[in-house]
Structures are given as C-alpha cells and as structure tokens.
Amino acid sequence: MMAAQDYYRILGIPPRSTLEEVRRRYRALAMQYHPDRNPDNPEAAAHFRLVAEAFEAIQAVRGRKKRPAAAQNYRQPRYADQDRLFEELFGISRGGATLHQSAGATFRYDLEIPLVAAIRGMETAIELDRPLDCPHCRGTGLGVGGSYQSCPDCQGRGRRGGGPGLLRFGPWCDRCRGRGRIGSKPCRHCHGEGSREVRREYRLWIPPGTGDGDRLRFHGEGGGGFLNGPPGDLDVVIHVAPDDFFTRVGKDIHCRVTISFAEAALGGMIKIPTLDGYQTFRLPQGTQTGWTFRFSGAGAPGGPHQPWGDQVNEVVVATPRKLTPRLRTLMEELARLEREQLREAGHE
C-alpha cells in the first residue's frame, strides 16, 4: 500500500493542497490520460488507473477526517465522487446524464500594495463587476408571460452529441447552457441571461504583517451557482511590490546604508530611513563596509504575543571614483599620515 505522500506525488500537488485543488488536478489528469483519448496506449491507461487510485485514496482520507466519530465506520461507495467528476468531464454518469447543481466559481482579484502598507497595514477599496440575479425576472431569465420548454438542440439532455464510448455525450449545450430547457420569452432586461453585471465596491482592511501571496476572502461574492447552487467566493490575492530601499526577511526588514569615506573614518550622527520616517544613529569611528546594526522593533509584526522584528542596517562605505584637485591633495596627505601611523605601530 502506498504512503499518503505518494498519492499526492502521483497527482503532482503538495500535501497541503485543499480538497478542491485535489479535485481540479484530478480532472485535468483524467482528461489527459483517459483511454478514450489515448487509444492503443497501455501506458496512458495504466497512468489513468493510478491517478484514479490516488484521488480515491486522498478523497477517502479527507472524508474520514471530516466525518464525526459516529460515522467513521461508514464506507463511501467506491468511485462515488469519481462518477460525479466523470459526469462533468465526459457527460455521463451511472444513472444517465442527469445534471446536478453546483457551487459558483471562485473569483480572483490581484491587488498590489507597497511593502510599507503590507507591514504596517492599510485600508483600501477595490471595484469589480459581479453577476447578480436580475431583479426583474428574479434570476429565471423569463419575461412576463414566458415559460420553459425543452431545448431543441440537445433534446433536454443539457449536452450536445459527442463521439464514441465514454465521450458519446459531448460538451454542454451552448443554447441552454446545460440546463436542458430554454425560455419561450426571454426577460428584456437581462436578455434571458438571468443575471446582470453590477459594479460593486469592496472595502478591505489589510492587517499588519501581510505577506506576498496572502488572501482575503469574501464568502458568497463569486460566480453564481449552477442550477440554483450556492455562489462562489471572491479571493483577493495580495502582491507586495518590491521596495527600492527595504527588503523583508521574515519579521525583519533589511536595508543598505551608504556612507562616505570621511563619515566612516570620523564617525558621527547620520539619518537613516525607516518605515515610520527617519531615525538618527551615531556611527563609531572607523566604521567598515559590511558592519550591521539594528533598530529594535522597527520591522514587521510577529504572531500573537510575539515581538516585532527589527530593521537590520548594513553599512556600505562609498569610495569616490573621481577626485577634484583639492580632494586629491587631501587624500594624498591622508595616505602619508596613515603610512607614518603604521610605521610607528611597527606594521612596516
């Protein structure tokens, strides 16, 4: 018997994948390796059986985790969920071509924010078009006095004729959109669609410490369900734009502070940018390139009851490339004094 991680490896997904991601991956592989699509190819057939076994095993394990203790001894009929997926993929089921309601699609909105906003938090708003039930026909798509009738293109099956074997039921019927029926008199406001695009505004609170790839979910704000199924969700995916000065590493933020040769040699007070403005710092005499110092608590927030990260400042001493005549004279005098100092210290 395979280990659990082997089943995920067969499907080519990480073990932390959601059950919906597992289903999507299984659909794609089933379409790719199905025997009807790969005639006279025993390797594809073997891979298809392996993919089906992996999906069934993951489905069974996930199902046991979700069922209450009293239901642990119940065994789901073999391939029950696969039959549903085969109906979506190939237009068939063990009981015929019956259509079932399903949840709407999950909408995705990609939002880019500055690094400072991701660390400190921000409030913003987005706008997007979302299909909502037409208020005039209440989502039916029927006009006043209209009624439903069997779709003449698919004879009420919801699918068009396809090829041989498991593909004998083709894709969803374009005319009735898989419903198997059409309205005799479409609603003039939505043209029989049953829904209308409405622009909506969504207020977002992006919490402090948000990372690149984090998601904010609005339940029920996605696509409309099929055959009166529940609506999907809206996922707002956060993308943190690169910053010209700061780089985030875990809870800490890093930056490079460039100072002059004179500042490095003499030391003194300098101003360094932070997420909240500027902070002064006293450089010690003889500061070298690569030295680092921290501003405690000036980074990103940690978890609950954990301290904030730090700002890690790395010093870079800038060596002048072009010298004015006066600056060259001063540098030559400095070099002479340094050599004398080294001789006195016994290094020459």
Side-chain angles (χ1 to χ4, degrees), residues 14 16 107-128 199 201-218 234-324 326-328 330-331 334:
R16 63 179 179 274
F107 288 172
R108 171 175 174 146
Y109 186 95
D110 294 273
L111 177 65
E112 186 175 80
I113 62 174
L115 175 66
V116 176
I119 294 177
R120 291 294 184 248
M122 67 175 294
E123 185 176 0
T124 186
I126 62 173
E127 289 186 348
L128 70 156
R199 179 160 287 263
E201 180 183 84
Y202 296 87
R203 302 294 300 180
L204 303 177
W205 165 243
I206 299 175
T210 296
D212 189 80
D214 287 355
R215 298 179 178 229
L216 304 176
R217 171 159 291 188
F218 292 87
L234 167 63
D235 278 356
V236 180
V237 183
I238 304 299
H239 300 278
V240 181
D243 191 85
D244 293 335
F245 187 70
F246 296 109
T247 301
R248 182 175 177 178
V249 181
K251 294 191 302 179
D252 296 334
I253 58 172
H254 291 238
C255 65
R256 305 184 73 185
V257 181
T258 303
I259 61 176
S260 67
F261 182 82
E263 288 175 322
L266 299 175
M269 301 297 293
I270 61 172
K271 283 187 175 182
I272 300 176
T274 70
L275 296 178
D276 298 316
Y278 286 87
Q279 185 169 330
T280 57
F281 179 79
R282 180 180 292 278
L283 285 173
Q285 291 183 4
T287 296
Q288 303 293 310
T289 291
W291 285 12
T292 61
F293 53 90
R294 292 175 174 259
F295 293 154
S296 180
H305 311 295
Q306 291 184 359
W308 285 54
D310 301 333
Q311 176 171 324
V312 182
N313 307 281
E314 179 184 356
V315 175
V316 177
V317 179
T319 303
R321 295 188 177 186
K322 294 183 179 181
L323 301 177
T324 63
R326 176 170 171 74
L327 186 56
R328 174 176 291 276
L330 293 174
M331 295 296 289
L334 176 62

Original post:
Is the CG atom of D244 crowded by more than 12 outside heavy atoms at less than 6.0 Å?
Top reply: no

Original post:
If we only count heavy atoms from C-beta on, is the P284 to W291 side-chain gap below 4.5 Å?
Top reply: yes

Subject >> Backbone N/O of P307 and side chain of K251: donor-acceptor pair under 3.5 Å >> reply: yes

Subject >> Donor-acceptor contact below 3.5 Å, side chain E263 vs main chain I270 >> reply: no

Original post:
Which atoms form the tightest heavy-atom contact between Q285 and L266, and what is the distance?
Top reply: CG-O, 3.0 Å

Original post:
Rounded to the nearest 0.5 Å, how far does OH of Y202 lie from CD of E127?
Top reply: 10.5 Å

Original post:
What's the spacing between D110 CG and I126 CD1 if we round to 0.5 Å?
Top reply: 10.0 Å

Subject >> Close side-chain approach of V240 and P114, heavy atoms under 4.5 Å >> reply: no

Original post:
Crowded around R203 CZ? As in, over 12 foreign heavy atoms under 6.0 Å?
Top reply: yes

Subject >> G286 backbone acceptor or donor facing Q288 side chain under 3.5 Å >> reply: yes

**OP:** Output the distance between atom CG (L128) and atom OH (Y109), rounded to the nearest 0.5 Å.
**Re:** 7.0 Å

Subject >> CA sep, side-chain torsions, deciding dist, call: I272, F293, side chain to side chain contact (heavy atoms under 4.5 Å, CB included) >> reply: CA-CA 11 Å; I272 300 176; F293 53 90; 3.3 Å; yes

Original post:
Between D235 and R217, is there a salt bridge with N-O shorter than 4.0 Å?
Top reply: yes

Quiz: residues 315-322 side-chain donor-acceptor pairs under 3.5 angstrom, not counting sequence neighbours:
none

Subject >> Spatial distance of atom CG (L111) from atom CG (L204) [nearest 0.5 Å] >> reply: 6.5 Å

**OP:** Check the surroundings of atom CZ in R199: do more than 12 heavy atoms from other residues, nucleotides or ligands lie under 6.0 Å from it?
**Re:** yes

**OP:** Heavy atoms only: give me the nearest C255-F246 pair and the separation to one decimal.
**Re:** CB-CD2, 4.0 Å

Subject >> Closest heavy-atom pair and its distance - F295, Q279 >> reply: CD2-NE2, 3.4 Å

Subject >> I253/V249 under side chain to side chain contact (heavy atoms under 4.5 Å, CB included): CA gap, chis, key distance, verdict >> reply: CA-CA 6 Å; I253 58 172; V249 181; over 6 Å; no

Original post:
Can you name the nearest heavy-atom pair linking Q311 to P273, along with the distance?
Top reply: NE2-O, 3.0 Å

Original post:
From I238 CD1 over to R215 CZ, what is the distance, rounded to the nearest 0.5 angstrom?
Top reply: 10.5 Å

Subject >> Residues D243, R248: salt bridge by 4.0 Å N-O rule >> reply: no

Original post:
Is there a donor-acceptor pair closer than 3.5 Å between any side-chain N or O of N313 and the backbone N or O of R294?
Top reply: no

**OP:** Please report the closest heavy-atom contact between R256 and F245, naming both atoms and the distance.
**Re:** O-CE1, 3.4 Å

Original post:
Nearest 0.5 Å, what's the CH2-CD distance between W205 and E123?
Top reply: 7.0 Å

Subject >> Expected output: side-chain D214 to main-chain G211 donor-acceptor under 3.5 Å >> reply: yes

**OP:** Go through the steps for L275 and R120 under the test side chain to side chain contact (heavy atoms under 4.5 Å, CB included), then give the verdict.
**Re:** CA-CA 8 Å; L275 296 178; R120 291 294 184 248; 3.8 Å; yes

